[in-house]
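Throughout, numbering of the chain's residues begins at 1 and tracks the sequence.
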Amino acid sequence: MAKGNPYKLAAKGASLVEHQRVYFGDDHLLIVDGKFTEVYRRLYYKDIQALQRHNTSTSIWVQMFFLVVIILSLIGLGSGMNAPNWGAMYLLVPSSVFLAYSIYCGRSCALGIKTQVQQVRLVGVGAMRKAVKFEKQLTERITAVQGTLTAEALQAANRGESTANV
């Protein structure tokens with residue numbers, strides 16, 4: 001009988017339509033999609049060919065939205081010189097907190113994992129800070145299984161030659 005849980009939670013995320021958890025296993029990555037009905041996918045470290053990270057503009061739009069709300073709230077506070085404008089204050093404080101958190105998280109990104117058969121987008125790794133940390137952990141596990149790629153093997157692969165000859 002195995003002791004404990006063999007999986008370590010790597011990422012967890014949800015959007016309006018997606019719910020996903022990603023676990024590190026000994027020799028594979030387990031991706032669980034769904035909340036009520038779950039779909040399980042195993043991506044073995046030996047089969048992973050690429051990690052794909054693309055910057056998105058979501059965080060910029062969110063930060064601009066909160067900045068506009070903060071500016072409008074400050075204008076509302078400035079216009080009520082005789083009495084405090086509580087409505088503007090109720091908008092100013094949470095908007096400032098959300099803007100600061102958005103800046104702390106950094107740029108938004110989309111992270112995907114590519115194998116020869118499929119490409120999987122990871123929902124729980126949407127901030128650059130999380131993506132860099134996740135990539136580092138995953139790269140260590142992939143390198144432990146696949147080894148490092150030498151310059152000669154890379155050149156041979158680009159020419160279409162077998163790496164067994166190198």
Side-chain angles (χ1 to χ4, degrees), residues 4-25 28-45 47-115 117-144 146 148-149:
N5 187 357
Y7 293 106
K8 178 185 172 196
L9 183 64
K12 180 175 152 182
S15 66
L16 293 175
V17 293
E18 295 176 294
H19 188 271
Q20 186 182 73
R21 293 180 314 277
V22 181
Y23 298 94
F24 286 129
H28 64 276
L29 195 66
L30 180 67
I31 301 171
V32 183
D33 287 320
K35 189 170 186 175
F36 301 111
T37 304
E38 295 178 339
V39 175
Y40 294 85
R41 281 187 260 183
R42 286 180 191 228
L43 300 178
Y44 288 92
Y45 298 136
D47 296 333
I48 294 176
Q49 293 180 341
L51 299 176
Q52 301 170 328
R53 181 179 56 190
H54 306 282
N55 292 333
T56 62
S57 61
T58 305
S59 61
I60 293 172
W61 288 107
V62 167
Q63 291 171 6
M64 285 177 38
F65 170 77
F66 285 123
L67 193 59
V68 167
V69 170
I70 289 170
I71 290 170
L72 292 176
S73 298
L74 288 172
I75 290 171
L77 283 174
S79 66
M81 293 296 214
N82 297 336
N85 188 345
W86 291 106
M89 186 63 80
Y90 286 132
L91 285 175
L92 178 64
V93 173
S95 296
S96 302
V97 170
F98 287 132
L99 178 64
Y101 180 72
S102 178
I103 291 171
Y104 169 76
C105 287
R107 284 203 54 143
S108 58
C109 66
L111 184 66
I113 298 175
K114 184 181 182 312
T115 66
V117 188
Q118 63 184 332
Q119 185 169 343
V120 179
R121 181 178 167 268
L122 301 179
V123 177
V125 190
M128 190 64 71
R129 183 179 302 272
K130 266 184 167 179
V132 169
K133 181 180 175 183
F134 179 82
E135 280 180 0
K136 181 180 176 191
Q137 292 174 345
L138 184 58
T139 303
E140 289 172 358
R141 292 171 185 266
I142 292 171
T143 304
Q146 294 182 4
T148 57
L149 185 63

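Between the side chains of Thr56 and Ser108, at least one donor N or O lies within less than 3.5 Å of an accepting N or O.
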Give the table of side-chain donor-acceptor pairs shorter than 3.5 Å for residues 30-37, with sequence neighbours excluded, one pair per line with atom names and distance.
from: Asp33; atom 1: OD1; to: Gln20; atom 2: NE2; distance (Å): 2.8
from: Asp33; atom 1: OD2; to: Arg41; atom 2: NH2; distance (Å): 2.3

Give the table of side-chain donor-acceptor pairs shorter than 3.5 Å for residues 121-133, with sequence neighbours excluded, one pair per line with atom names and distance.
from: Arg121; atom 1: NH1; to: Glu18; atom 2: OE1; distance (Å): 3.3
from: Arg129; atom 1: NE; to: Tyr104; atom 2: O; distance (Å): 3.1
from: Arg129; atom 1: NH2; to: Tyr104; atom 2: O; distance (Å): 2.6
from: Lys130; atom 1: NZ; to: Gly124; atom 2: O; distance (Å): 3.4

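Distance OH/Tyr45 to NE2/His28: 7.5 Å, rounded to 0.5 Å. Here CZ of Phe65 is found 10.5 Å from CZ of Phe98. Values are rounded to the nearest 0.5 Å. Considering CD1 of Ile142 and CD of Glu135, their distance stands at 10.0 Å, rounded to 0.5 Å. Separating the CD atom in Gln63 from the OG atom in Ser102 is a distance of 3.5 Å, to the nearest 0.5 Å.
In this structure the side chain of Val68 never reaches within 4.5 angstrom of the side chain of Met64, judged on heavy atoms. Looking at heavy atoms from C-beta onward, Ile113 lies in side-chain contact with Leu138 at the 4.5 angstrom threshold. With a 4.5 Å cut-off on side-chain heavy atoms, Leu29 and Phe24 count as touching.
Between the side chain of Gln146 and the backbone N or O of Ile48, at least one donor-acceptor pair lies under 3.5 Å.
When all heavy atoms of Ser73 and Leu91 are compared, the pair lying nearest together is OG-CB, 3.3 Å. In terms of heavy-atom proximity, Arg141 sits nearest to Gly25 at NH1-O, 3.5 Å.
Every residue was checked against the salt bridge (charged side-chain N to carboxylate O under 4.0 Å, His left out) condition with Arg107, not counting sequence neighbours, and none meets it.
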